[in-house]
Amino acid sequence: MRRYCKRLAAACFLMALASIFLPVWRRASAMEEPRVFRGVLLIEGKFEKGDYERLRAFLANKNNFDRIHSGVFLASPGGYIGEAIKIGRLIRSLRLSTDGPSGPPVGRERIGSYAISPTDLAKPNQNYLCASACFLVYVAGIERKIAWAGRLGI
């Protein structure tokens, strides 16, 4: 009985600890606020539920939409597939092109130009790639650009 109570107390402590830190961790990995940078709509971070609505509201503002003249730059490790599909449909319906992080493997010369460099992102170490659900948004673009496909993954 004593051993059971100790295990129960330890489990309760871990659950309490997780309830404190989990919301902070989830916010840190969620999609950053959409923004237009150098004429490019920058979508960065993990796709979470509700991101489609946030992006749609951002693009509904005519001032935001009119500033986009070079398409969408995607920098995301993935996330919820349902949100990615809805965001992809929105990008396709608005007839926007897509671009993703690129760069040659170390030691090889650069081909093409980069729309957005890692230093332009809020979290370059986490988000300078387009993988998993992000790929679904990437292929939704009317035109898809990438200088080197080393950071694009399914």
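On a predicted model such as this, the values are computed, not experimentally measured, just so you know.
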When you group the ILVMFWY residues by side-chain heavy-atom contacts below 4.5 Å and let the links chain together, are Phe47 and Leu94 in the same group? yes
Could you please spell out the steps behind the side chain to side chain contact (heavy atoms under 4.5 Å, CB included) verdict for Ser97 and Lys145? CA-CA 8 Å; Ser97 63; Lys145 303 174 280 185; 3.8 Å; yes
Side chain to side chain contact (heavy atoms under 4.5 Å, CB included) with Asn125: which residues, sequence neighbours excluded? none
Quick one: do Val40 and Ile68 satisfy side chain to side chain contact (heavy atoms under 4.5 Å, CB included)? Show the steps, please. CA-CA 5 Å; Val40 176; Ile68 301 170; over 6 Å; no
Hey, quick one: are Val72 and Leu129 part of the same hydrophobic cluster, counting side-chain heavy atoms closer than 4.5 Å, chains of contacts allowed? no
Nearest-0.5 Å distance, CZ of residue Phe135 to CG of residue Leu74: 11.5 Å
Where do Tyr128 and Ser117 come nearest, in terms of heavy atoms and distance? CE1-C, 3.9 Å
Going from OH on Tyr80 to CE on Met31, what distance comes out if it is rounded to the nearest 0.5 angstrom? 14.0 Å
Show me the donor-acceptor pairs within less than 3.5 Å that the side chains of residues 81-91 make with the rest of the protein, sequence neighbours left out.
| residue | atom | partner | partner atom | Å |
| --- | --- | --- | --- | --- |
| Glu83 | OE1 | Gly50 | N | 3.3 |
| Glu83 | OE1 | Asp51 | N | 3.2 |
| Glu83 | OE1 | Tyr52 | N | 2.9 |
| Glu83 | OE2 | Lys86 | NZ | 3.2 |

Is there a side chain to side chain contact (heavy atoms under 4.5 Å, CB included) between Thr98 and Glu143 once you walk through the steps? CA-CA 6 Å; Thr98 54; Glu143 290 181 21; over 6 Å; no
Measure from the side-chain N and O atoms of Ser76 to the backbone N and O of Gly45, and report whether any donor-acceptor pair falls under 3.5 Å. yes
Looking at CZ of Phe37 and CG of Asp120, how far apart are the two atoms once the value is rounded to the nearest 0.5 Å? 4.0 Å
Does any pair with a residue in residues 57-69 pass salt bridge (Lys or Arg N to Asp or Glu O under 4.0 Å), and if so which ones, sequence neighbours excluded? Lys62-Asp66
Give a yes or no answer on whether the side chain of Arg92 reaches the backbone of Ala140 with a donor-acceptor pair at less than 3.5 Å. yes
Applying side-chain hydrogen bond (donor to acceptor under 3.5 Å, both in side chains) to Glu53 and not counting sequence neighbours gives none
Kindly indicate, with the supporting measurements, whether the criterion side chain to side chain contact (heavy atoms under 4.5 Å, CB included) is fulfilled by Phe73 and Ile43. CA-CA 6 Å; Phe73 186 85; Ile43 298 177; over 6 Å; no
Taking only residues two or more places apart in sequence or in another chain, which ones pass side chain to side chain contact (heavy atoms under 4.5 Å, CB included) with Ala122? Glu32, Glu44
Over 12 non-hydrogen atoms of neighbours within 6.0 angstrom of CZ in Arg56: no
Any donor-acceptor pair under 3.5 Å from Ser132 side chain to Gly78 backbone: no
Hphob cluster co-occupancy, Leu55 + Val139, side-chain heavy atoms under 4.5 angstrom: yes
What pairs with Phe58 under side chain to side chain contact (heavy atoms under 4.5 Å, CB included), at least two apart in sequence or on another chain? Pro34, Val36, Leu41, Asn64
